[in-house]
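Read the structure below first, then the notes.
In what follows, residues are counted from 1 in the order of the sequence shown. On a predicted model such as this, the values are computed, not experimentally measured, just so you know.
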Amino acid sequence: MRPLTEEETRVMFEKIAKYIGENLQLLVDRPDGTYCFRLHNDRVYYVSEKILKLAANVSGDKLLSLGTCFGKFTKTHKFRLHITALDYLAPYAKYKVWIKPGAEQSFLYGNHVLKSGLGRITENTSQYQGVVVYSMADIPLGFGVAAKSTQDCRKVDPMAIVVFHQADIGEYVRHEETLT
């Protein structure tokens with residue numbers, strides 16, 4: 001377990017900023033204590049400094065995970081967010097998409113969101129902007145990337161993709177053996 005290098009921190013913060021923008025500062029400086037990001041086995045964990053001090057007593061090879069896994073670095077040093085970060089990204093999300101109840105199941109099976117399943121979208125969402133996907137009951141279901149801007153969504157045909165799928169809460173069931 002080690003702190004992230006400057007390059008790793010930059011790559012990870014750029015990815016998270018796609019979803020929450022300048023609210024990134026609220027993740028680190030929280031009223032309930034100071035939180036930090038630590039790297040262990042190419043995975044980035046979000047952990048309070050209080051728990052981090054307690055974990056210093058455990059040797060690195062015996063430590064499986066610590067805190068919440070936010071994502072992992074690929075072999076090409078790109079950062080990939082995991083669905084476990086959704087609970088921390090959703091409250092601070094700048095751009096949101098709400099999908100209709102009929103499209104929820106399709107999204108939770110790993111499919112993209114079509115225009116026909118789109119309920120609402122945040123105004124001024126640009127193309128390729130990171131979005132958090134909600135059900136119409138305001139339950140965060142996952143996150144993705146807007147395939148079309150808000151203006152384009154109004155005039156596109158119903159079978160066009162409006163949000164590219166990246167992660168959803170159905171992954172807990174589909175990939176439970178690989179999630180840490």
- Message: Rounded at 0.5 Å granularity, tell me how far CZ in F143 sits from CG in L81.
- Response: 4.5 Å
- Kindly compute the distance separating CZ (R43) from NE2 (H40), expressed to the nearest 0.5 Å.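 Reported value, rounded in 0.5 Å steps: 10.0 Å.
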If you look at every heavy atom in [X] and [Y], which pair is closest and at what distance?
X    : Y    : result
I83  : L141 : CD1-O, 4.4 Å
F70  : T84  : N-OG1, 4.4 Å
A93  : V132 : CB-CG2, 3.5 Å
H165 : F107 : CD2-CE1, 3.5 Å
P91  : L86  : CD-O, 4.5 Å
K96  : A90  : CE-O, 4.4 Å

Set of residues satisfying salt bridge (Lys or Arg N to Asp or Glu O under 4.0 Å) with respect to [X], sequence neighbours excluded:
X   : answer
R10 : E7, E14
K94 : E22
E6  : none

Test: salt bridge (charged side-chain N to carboxylate O under 4.0 Å, His left out). Region: [range]. Which pairs qualify, not counting sequence neighbours?
range           : answer
residues 30-42  : R30-D32
residues 99-112 : none
residues 77-91  : none

- Do the side chains of T122 and V131 get nearer than 4.5 Å, heavy atoms only?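 SC-SC contact between V131 and T122 ruled out.
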- Message: Run the side-chain hydrogen bond (donor to acceptor under 3.5 Å, both in side chains) test against T68 and tell me which residues pass, sequence neighbours left out.
- Response: Y88
- Query: Sequence neighbours excluded, which residues qualify as ring pair (Phe, Tyr, Trp, His ring centres under 6.0 Å) partners of F13?
  - Reply: F37
- Task: Sequence neighbours left out, what passes ring pair (Phe, Tyr, Trp, His ring centres under 6.0 Å) with H112? Give chain and number order.
- Result: F164
- side chain to side chain contact (heavy atoms under 4.5 Å, CB included) with D157: which residues, sequence neighbours excluded?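 For D157 the side chain to side chain contact (heavy atoms under 4.5 Å, CB included) partners, ignoring immediate neighbours, are M159, A160.
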- Query: Who passes side chain to side chain contact (heavy atoms under 4.5 Å, CB included) against D152, sequence neighbours left out?
  - Reply: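 Applying side chain to side chain contact (heavy atoms under 4.5 Å, CB included) to D152 gives K148, S149, K155.
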- Task: Could you state whether M136 and L114 fall into the same hydrophobic cluster, counting links through intermediate Ile, Leu, Val, Met, Phe, Trp or Tyr residues with side-chain heavy atoms under 4.5 angstrom apart?
- Result: yes
- Message: In this structure, would L26 and I20 fall into the same cluster of hydrophobic residues linked by side-chain contacts under 4.5 Å?
- Response: yes
- side chain to side chain donor-acceptor pair (under 3.5 Å) contacts in which one or both residues fall within residues 123-136, not counting sequence neighbours: E123-R154
- Query: Would you say the side-chain atoms of Y95 pair up with the backbone N or O of A146, donor to acceptor, closer than 3.5 Å?
  - Reply: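 Side chain of Y95 to backbone of A146, a donor-acceptor pair under 3.5 Å: no, none is there.
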